[in-house]
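Keep in mind that what you see is a predicted model, and the values were worked out from it rather than measured.
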Amino acid sequence: TSVTVTPENATVNTGSTLQLTAEVAVEGFAPKDVIWTVTGTSAVTSTINETGLLTVPTTEVNRNLTVTATSAFDGTKTGTSTITVSQSAG
């Protein structure tokens with residue numbers, strides 16, 4: 001089992017969203033579901049839903065976020081994406 005997150009790297013303006021996808025390679029008929037999480041060095045106000053839609057609010061203070069997709073079948077298998085947060089103009 002392996003997990004690959006696309007895009008692997010991206011830049012997102014505050015106040016916007018980014019759709020991420022996770023490709024899970026499994027053997028046999030193992031489930032391909034993933035659990036999404038988003039982390040940063042400070043308290044994270046960004047959220048990610050079960051479909052991989054990342055929402056970065058204007059209140060996000062982190063300049064770099066790590067989005068992780070963890071296999072729901074095998075929690076030791078993960079894929080990550082590095083997100084650079086850019087302040088939106090205005």
> Is the backbone of Glu8 close enough, under 3.5 Å, to the side chain of Ser81 for a donor and an acceptor to pair up by distance?
Replying inline: yes

>> My understanding is that only residues two or more places apart in sequence, or in another chain, count here; which of them pass side chain to side chain donor-acceptor pair (under 3.5 Å) with Asn49?
In response: Thr51

>> My understanding is that only residues two or more places apart in sequence, or in another chain, count here; which of them pass side chain to side chain contact (heavy atoms under 4.5 Å, CB included) with Thr82?
In response: Asn9

> Apart from Val5 itself, what residues make up its hydrophobic cluster, given side-chain heavy atom links below 4.5 Å?
Replying inline: Val3, Val12, Leu18, Leu20, Val24, Val26, Val34, Trp36, Val38, Val44, Ile48, Leu54, Val56, Leu65, Val67, Ile83, Val85

> In chain order, what residues pass the side chain to side chain donor-acceptor pair (under 3.5 Å) check against Thr47, with sequence neighbours excluded?
Replying inline: none

> Can you list the residues that meet the side chain to side chain contact (heavy atoms under 4.5 Å, CB included) rule with Ala72, with sequence neighbours excluded?
Replying inline: Asp33, Ile35

> According to the side-chain hydrogen bond (donor to acceptor under 3.5 Å, both in side chains) rule, which pairs have a member within residues 62-74, sequence neighbours left out?
Replying inline: Thr41-Asn62, Glu60-Asn62, Asp74-Thr76

